[in-house]
Number of protein chains: 2
Amino acid sequence: MKLTSKGRYAVMALADLANFNKTGPVPLRDISIRQGISLFYLEQIFLKLKKHNIVQSTRGSGGGYVLFKNADDLKLSEIFSAVDEKVKTINCKRESKKGCNGKASKCITHNLWDELELHINTFFNQKKLSDLVSKKDTQIR
Amino acid sequence: MKLTSKGRYAVMALADLANFNKTGPVPLRDISIRQGISLFYLEQIFLKLKKHNIVQSTRGSGGGYVLFKNADDLKLSEIFSAVDEKVKTINCKRESKKGCNGKASKCITHNLWDELELHINTFFNQKKLSDLVSKKDTQIR
DNA sequence: TATATACCCGAGTAAAATAGTCAAGATTAA
DNA sequence: TTAATCTTGACTATTTTACTCGGGTATATA
Ligand code: FES
Ligand code: FES
């Protein structure tokens with residue numbers, strides 16, 4: 001049970017972005033250097049973030065990315081779902097109808113994993129990107 | 001973020017065991033058939049469970065496994081740790097001292113993942129194997 | 001307009017983790 | 001003895017992950 005680097009990097013990069021985009025678009029190269037994440041990998045990630053309206057882009061020289069909404073309105077669950085970091089604890093082949101192994105009934109552990117998934121998702125739904133941004137910046141405003 | 005089948009199977013198999021071991025040792029073959037888990041794979045899993053004193057074994061004909069302690073005393077966290085199903089959300093190379101990428105300071109997301117890990121482990125610490133066992137059996141006693 | 005900066009996008013690949021298999025043996029009840 | 005059952009270590013196939021690459025397009029600015 002672990003996070004993939006895609007999810008971790010996405011949150012990291014967005015937290016970085018939130019810290020630096022007050023002065024304008026932030027290029028990926030800066031984030032790459034500051035956070036030590038491969039530029040190519042970041043490109044992949046930000047493409048998805050853009051498609052899900054989490055960031056906006058400006059092309060060309062002086063361009064980069066900015067957050068689409070305020071950091072206090074951005075839930076971690078949105079970020080994760082944008083980059084396909086899913087919480088997947090159950091094993092049902094067909095999620096809605098049949099249980100594990102194609103049997104019609106649910107297995108003995110099904111409800112447990114369901115609860116677990118709910119428990120984890122609650123965490124991601126409560127946490128906002130702003131919870132990560134350095135206190136200094138938010139206090140100044 | 002997902003559970004491995006080792007963790008899922010371990011809990012499944014132990015729940016099955018808890019349901020059937022009142023009459024004596026339960027052979028893996030029965031569990032394998034009832035739960036649809038490969039016998040070979042179960043062998044691997046139960047070896048670990050035995051090493052961690054979660055089950056006891058009896059060899060030979062009529063043998064099998066029984067729970068080492070009561071189902072209400074057995075936390076899911078114990079089961080998971082026995083089969084190496086770890087909750088691992090952070091990326092620190094050296095867990096105790098240095099942060100990600102070998103930098104001395106913690107990265108911007110470190111505390112977040114720490115909280116997440118705690119949140120998940122709380123769930124596993126609260127849940128007991130007995131929470132999975134069918135109500136019928138427990139009501140009879 | 002030339003040039004550098006930056007995003008855009010689809011493929012491809014190497015390494016790691018996972019899931020599952022197998023063979024040969026030891027112990028015990030009947 | 002024989003069949004049932006656990007014991008152990010090693011092996012392999014598959015899947016997932018993490019990352020790389022190449023060849024674009026758009027835009028600012030000198
Ligand atoms: S987890 Fe859904 S039926 Fe087993
Ligand atoms: S997760 Fe520990 S320093 Fe980044």
Side-chain angles (χ1 to χ4, degrees), chain A residues 1-10 12-13 17 20-21 24-33 35-52 54-68 80 83-89 91 93 100-101, chain B residues 1-10 12-13 17 20-21 24-33 35-52 54-68 80 83-89 91 93 100-101:
Chain A
M1 170 133 258
K2 67 186 176 200
L3 262 95
T4 67
S5 71
K6 221 158 204 166
R8 275 191 286 105
Y9 287 168
M12 248 195 211
L17 188 56
F20 286 92
N21 74 351
V26 180
L28 289 189
R29 207 154 70 81
D30 291 5
I31 299 179
S32 164
I33 292 167
Q35 302 300 326
I37 305 170
S38 148
L39 177 60
F40 292 131
Y41 207 12
L42 275 181
E43 284 182 345
Q44 271 191 19
I45 291 169
F46 271 75
L47 224 50
K48 294 188 178 188
L49 293 176
K50 195 197 167 183
K51 275 183 187 143
H52 287 80
I54 289 175
V55 293
Q56 269 179 321
S57 64
T58 320
R59 284 177 153 202
S61 179
Y65 289 93
V66 290
L67 286 178
F68 192 79
F80 278 145
V83 297
D84 295 314
E85 174 82 62
K86 300 170 200 156
V87 177
K88 200 106 191 65
T89 55
N91 192 30
K93 306 301 184 218
C100 307
N101 313 320
Chain B
M1 171 133 257
K2 67 186 177 201
L3 258 87
T4 67
S5 72
K6 223 158 202 166
R8 276 192 285 103
Y9 288 168
M12 247 196 212
L17 187 57
F20 287 91
N21 74 350
V26 179
L28 288 189
R29 206 153 69 80
D30 291 5
I31 299 179
S32 164
I33 291 168
Q35 303 298 326
I37 304 170
S38 148
L39 177 59
F40 292 131
Y41 209 12
L42 275 181
E43 285 180 344
Q44 272 192 21
I45 292 168
F46 272 74
L47 221 50
K48 293 187 177 188
L49 293 176
K50 195 197 168 183
K51 274 182 189 145
H52 287 80
I54 290 175
V55 294
Q56 268 178 320
S57 65
T58 320
R59 285 176 152 201
S61 180
Y65 289 93
V66 289
L67 287 178
F68 192 80
F80 279 143
V83 296
D84 294 315
E85 174 82 60
K86 301 169 200 155
V87 177
K88 198 109 195 60
T89 56
N91 193 28
K93 306 302 182 214
C100 309
N101 312 321

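We name chains A, B, ... by the order of the sequence lines, and we start the count at 1 in each one. Because the structure is predicted, anything quoted here is derived from the model rather than measured.
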Run the numbers on B/F68 and B/K50 for side chain to side chain contact (heavy atoms under 4.5 Å, CB included), then give the verdict.
CA-CA 9 Å; B/F68 192 80; B/K50 195 197 168 183; over 6 Å; no

If the cut-off is 4.0 Å, is [X] near the phosphate of [N], judged by side-chain N/O to OP1 or OP2?
{"X": "B/Y65", "N": "D/dT7", "result": "yes"}
{"X": "B/S57", "N": "D/dT5", "result": "no"}
{"X": "A/K50", "N": "C/dC8", "result": "yes"}
{"X": "A/S5", "N": "D/dT17", "result": "no"}
{"X": "A/Y9", "N": "D/dC19", "result": "yes"}
{"X": "B/T58", "N": "C/dT28", "result": "no"}

Backbone of A/T4 reached by a side-chain donor or acceptor of A/E85 within 3.5 Å:
yes

NA contact type, A/F46, heavy-atom cut-off 4.0 Å: base, sugar-phosphate, or nothing?
nothing

If you look at every strand shown and take non-hydrogen atoms under 4.0 Å, does A/K48 touch a base, only sugar-phosphate, or nothing?
nothing

May I have the step-by-step check of side chain to side chain contact (heavy atoms under 4.5 Å, CB included) for B/E43 and B/L28, ending in yes or no?
CA-CA 7 Å; B/E43 285 180 344; B/L28 288 189; 3.8 Å; yes

Which residue, A/S61 or B/L39, contacts DNA chain D at a nucleotide closer to its 5' end, judged by nearest heavy atom?
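Taking each residue's closest nucleotide, the earlier one in sequence belongs to B/L39.
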
A/L3 or A/G62, whichever maps to the more 5' nucleotide of DNA chain D:
A/L3

For [X] and [N], what is the distance between atoms [atom1] and [atom2] respectively, to the nearest whole Å?
{"X": "A/K6", "N": "D/dT17", "atom1": "NZ", "atom2": "C1'", "answer": "8 Å"}
{"X": "B/F40", "N": "C/dA23", "atom1": "CZ", "atom2": "P", "answer": "8 Å"}
{"X": "A/I45", "N": "C/dC8", "atom1": "CD1", "atom2": "P", "answer": "14 Å"}
{"X": "A/D30", "N": "C/dC7", "atom1": "CG", "atom2": "C1'", "answer": "14 Å"}
{"X": "A/Y41", "N": "C/dC7", "atom1": "OH", "atom2": "P", "answer": "18 Å"}
{"X": "B/K2", "N": "C/dA19", "atom1": "NZ", "atom2": "P", "answer": "7 Å"}
{"X": "B/L42", "N": "D/dT5", "atom1": "CG", "atom2": "P", "answer": "14 Å"}
{"X": "B/D84", "N": "C/dA19", "atom1": "CG", "atom2": "P", "answer": "13 Å"}

Show your working on side chain to side chain contact (heavy atoms under 4.5 Å, CB included) between B/F80 and B/L3 and close with a plain yes or no.
CA-CA 10 Å; B/F80 279 143; B/L3 258 87; 3.8 Å; yes

Among C/dC7, D/dA18, D/dT7, the nucleotide that comes nearest once only the side chain of A/E43 is considered:
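Selected nucleotide (nearest to the side chain): C/dC7.
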
Which nucleotide sits closest to the side chain of B/R59: C/dT18, D/dA26, D/dT7?
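Ranking C/dT18, D/dA26, D/dT7 by closest atom to the B/R59 side chain puts D/dT7 first.
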
When you measure only distances, ignoring hydrogens and angles, does the side chain of A/Q44 come within 3.5 Å of the base of D/dT20 through a donor and an acceptor?
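Side chain to base: pair present.
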
Measuring from B/L67:CG to B/L49:CG, what's the distance to the nearest 0.5 Å?
9.5 Å

When B/F46, B/F20, B/Y9, B/Y65 are each screened for side-chain contact (heavy atoms from CB on, under 4.5 Å) with B/I31, the one that passes is B/F46

